[in-house]
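Have a look at the structure below, then the notes.
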Amino acid sequence: MKVIAENIYTRGQHGIQYVRRRIPAAIRAAYPAKQTHIVRSLGTADRRLAKGLARAELARIDAEFKLKSEQLELSRASLSAKRIAKLDDDQLKGIARFWVRQVLLADDQRRQAGLDDAEFDELGAELAEQRAQLGRLLAQGKSMSMFPAMHGFLHLCGLDFAPDEAEAKRAAHVFLRAVVESVDHRLGRQRGDLVDTDVVAPDAPHPLPSAAPERAPAHLRAPSWEAVFETWRDYVEDRPKPTTIASQTAWRDLRAFAEGLGVRHPGAVTPEQMTAFAERMRERGLAVPTINERILKVRAIYKIAVGKHVLKENPAAGTIGFKQAAARQRQKRRLSFDAADLGALFGSPVFTEHKRSVGQSGEASYWLPVLMFYTGARPEELAGLALSDLQHDEKLGWYLNLIDRPSDEDADLFEDGDVPKSHRRTLKNAPSVRRVPVAQELIDLGLLRYAEWVRQRGAAVLFPTLTKDSHGKLSGSFSKFFGRYKRAVGITDSRKVLYSFRHTMKDMLEAAAVPSKYLKRLMGHTTGDGAITDGYGSDLPFELLVEQFRKVRFPALAAKPWQPGQGYVSLKVEA
């Protein structure tokens, strides 16, 4: 083999390149007796391509070495298993969960490797027979039949379980139920059901740290992926659900990548593996902003864990991600609606024939696009409006009071207020708390009539039919409806979405020569005047904001004044 670079070699007439790493002496026992190196082909003779492939392959080898080290530690623990006579309820439940997860993970690997028809039929018959036998044992209360299996499993985990008869029966019963549960999940897979291991058997700690922490190898005492994420999540009280979900997506992505390398806990991730993770995301086709955002989220999770002394190091601290070409950065991800778009949208059945979505959107089908066009507010800010948010000033007219609900100021006045829990929400950030003038055109379209109509029906919010989606968004369902609806009326550019109304409002404010700091406050951003000014809701006098807002000249819309919905839009739109 000819050396090309550190750990990279070439051999053969075609110059195929390889990585080669010496096996550390401390873990040599985990490999065949005479093996001293790991050698793996990169499958290419291209030096530039091989360099990138080598980084990923070397990261996998490092992870393999770490896994072998952990396995050796655990095997040494099982050689001198600690004798225990009793396990409490939590320990028994933990052992049961650990068993079910290990069985399902092994089943995952077997199925992913592929089963031919004979193997599939044989496995099905074996599981059916096991279920019948185990079910009979469970029904007859003969759980002690499972004690030898439980004893052997715990011995492999480093525990010599030697209970009295009563304790043995109690433990065996819990274990038998776990074995039956694991067989039921595997039978579900055999039927073709979707049985996700992480859903039905979430990550469970190894039994050794709980029952005999002094005997547990270091890697088993390390905090789990869930524990580190919960540390970050709980650092901010009542962290908004969308923020939690976004960070959870990045964290789960890293976990899947790390576990593919054999890394079992977040504290074992290295800076080199973080770089490989970033490169892997790019190989998968993720956009540069998405990759960089996920790296930032992972870095923030690690930072809190280190600050809380849950972990010692932040492997993402130096991960740099990627830089996007300037030309690419200038390409807008979203576009404003032009005159033709506004004509097509507001001249459509929802706005001229009083048609409504067949889903939960109801009157929001009409009002959310209209309100976004005339206010430039975010969808979620409008979807969560209470009737009390529509307020009037004798000198300045009507306005929308966009606040967190419930707000801290109201805590001493009301216990729950008049807004149902389903419609309470936190705005995006502090600058989002603001007052937005109501254009006369909104009054002409019947906003006040609609508010009274809702009030007469006993509601306290503007859109009582909206419910939060899995991300905690009241506007989530409507956003999906709007995406289908705008395509149905001929707006097919993927860069034109519900949020495009905010871009349209920004364009109109700029066309009206509204100064930048007023434009930003009307749109819910900081003024740029500094932290002191931007830290308070009364940063700019509201009368000056109203004065600037009145400069805007809204184009005439084809929408007719609001009337209650009188039918559903075409089912083709809803598809």
Side-chain angles (χ1 to χ4, degrees), residues 71 74-75 78 81 83-211 220 224 226 256 259 264:
Q71 290 173 342
L74 188 56
S75 65
S78 64
R83 175 162 293 208
I84 55 173
K86 185 175 177 60
L87 293 165
D88 63 32
D89 289 343
D90 287 340
Q91 289 171 331
L92 283 174
K93 290 175 183 177
I95 290 167
R97 290 194 298 269
F98 186 73
W99 164 271
V100 174
R101 182 168 176 83
Q102 299 313 304
V103 170
L104 293 184
L105 287 174
D107 188 68
D108 282 332
Q109 292 180 346
R110 182 176 181 184
R111 293 179 190 276
Q112 288 168 10
L115 298 170
D116 61 28
D117 289 344
E119 290 171 327
F120 180 78
D121 291 340
E122 183 180 351
L123 176 60
E126 178 185 321
L127 290 173
E129 183 179 356
Q130 286 180 9
R131 183 61 177 86
Q133 292 175 349
L134 293 168
R136 185 180 181 88
L137 291 175
L138 189 63
Q140 291 182 308
K142 295 182 177 181
S143 54
M144 278 300 291
S145 300
M146 291 303 298
F147 185 77
M150 180 183 188
H151 185 273
F153 173 64
L154 288 178
H155 196 277
L156 289 174
C157 294
L159 296 171
D160 180 13
F161 189 37
D164 61 26
E165 184 177 357
E167 178 66 16
K169 285 183 178 179
R170 186 176 74 90
H173 179 72
V174 174
F175 192 71
L176 174 58
R177 289 174 62 91
V179 175
V180 170
E181 181 185 346
S182 65
V183 173
D184 282 343
H185 288 316
R186 296 177 71 196
L187 281 170
R189 288 176 174 173
Q190 201 70 10
R191 293 191 299 270
D193 297 344
L194 296 176
V195 181
D196 187 336
T197 298
D198 287 334
V199 174
V200 300
D203 196 18
H206 193 282
L208 192 55
S210 172
L220 292 181
S224 67
E226 289 84 359
E259 290 184 340
R264 296 185 177 183

*asked:* Does this structure show an ion pair linking D164 with K86, if we count only N-O contacts that are shorter than 4.0 Å?
replied: no
*asked:* Can you give me the closest heavy-atom contact between V100 and A178, atom names plus distance?
replied: CG2-O, 3.4 Å
_Before you tell me yes or no, could you show the steps for F161 and F153 under side chain to side chain contact (heavy atoms under 4.5 Å, CB included), namely the whole-Å CA-CA distance, both residues' side-chain angles and the distance that decides it to 0.1 Å?_
CA-CA 10 Å; F161 189 37; F153 173 64; over 6 Å; no
*Tell me, please, which residues at least two apart from E126 pass side chain to side chain donor-acceptor pair (under 3.5 Å).*
Q130
*Heavy atoms only: give me the nearest S182-W99 pair and the separation to one decimal.*
OG-NE1, 3.7 Å
_Side-chain donor or acceptor of R83 paired with backbone N/O of D160 under 3.5 Å_ = no
*asked:* Can you give me the closest heavy-atom contact between E181 and V200, atom names plus distance?
replied: OE2-O, 4.2 Å
*Any donor and acceptor pair, going by atom type alone, linking the side chain of E129 with main-chain N or O of G124 inside 3.5 Å?*
no
*asked:* So which atom in L104 and which in H185 form the shortest heavy-atom distance, rounded to 0.1 Å?
replied: CD2-CB, 3.8 Å
*Can you measure from CG (D108) to CG (D198) and round to the nearest 0.5 angstrom?*
8.5 Å
*How far does CZ of R186 sit from CG of D193, to the nearest 0.5 angstrom?*
14.5 Å
*Specify the closest pair of heavy atoms between F147 and A168, including all atoms of both residues, with the distance to one decimal.*
CE1-CB, 3.9 Å
*Are the side chain of R189 and the backbone of L194 linked by a donor-acceptor contact shorter than 3.5 Å?*
no
_Atom CD of Q140 with >12 non-hydrogen neighbours under 6.0 angstrom_ = yes
*At what distance, to the nearest 0.5 angstrom, does CG of L134 lie from OG of S145?*
9.5 Å
*Check whether any side-chain heavy atom of R111 sits under 4.5 Å from a side-chain heavy atom of L123, and report yes or no.*
yes
*Within the side chain of Q109, is there an N or O that forms a donor-acceptor pair under 3.5 Å with the backbone of A106?*
no
*Evaluate side chain to side chain contact (heavy atoms under 4.5 Å, CB included) for R97 paired with R101, printing each intermediate quantity in order.*
CA-CA 6 Å; R97 290 194 298 269; R101 182 168 176 83; over 6 Å; no
*Can you name the closest pair of heavy atoms from A128 and L187 and give their distance?*
N-CD2, 4.0 Å
*Once you round to the nearest 0.5 Å, how far does CG of D117 lie from CD of E122?*
12.5 Å
_Gap between atom CD of Q102 and atom OG1 of T197 - 0.5 Å precision_ = 10.0 Å
Run the side-chain donor-acceptor check on residues 169-177: report pairs under 3.5 Å with partners two or more places apart or on a different chain.
from	atom 1	to	atom 2	distance (Å)
R170	NE	E167	OE1	3.3
R170	NH1	D89	OD1	2.5
R170	NH2	L87	O	2.4
R170	NH2	E167	OE1	3.3
R170	NH2	E167	OE2	2.8

*Any donor-acceptor pair under 3.5 Å from D88 side chain to D90 backbone*: yes
*Please round to the nearest 0.5 Å and tell me the distance separating atom OG of S143 and atom CE of M150.*
10.5 Å
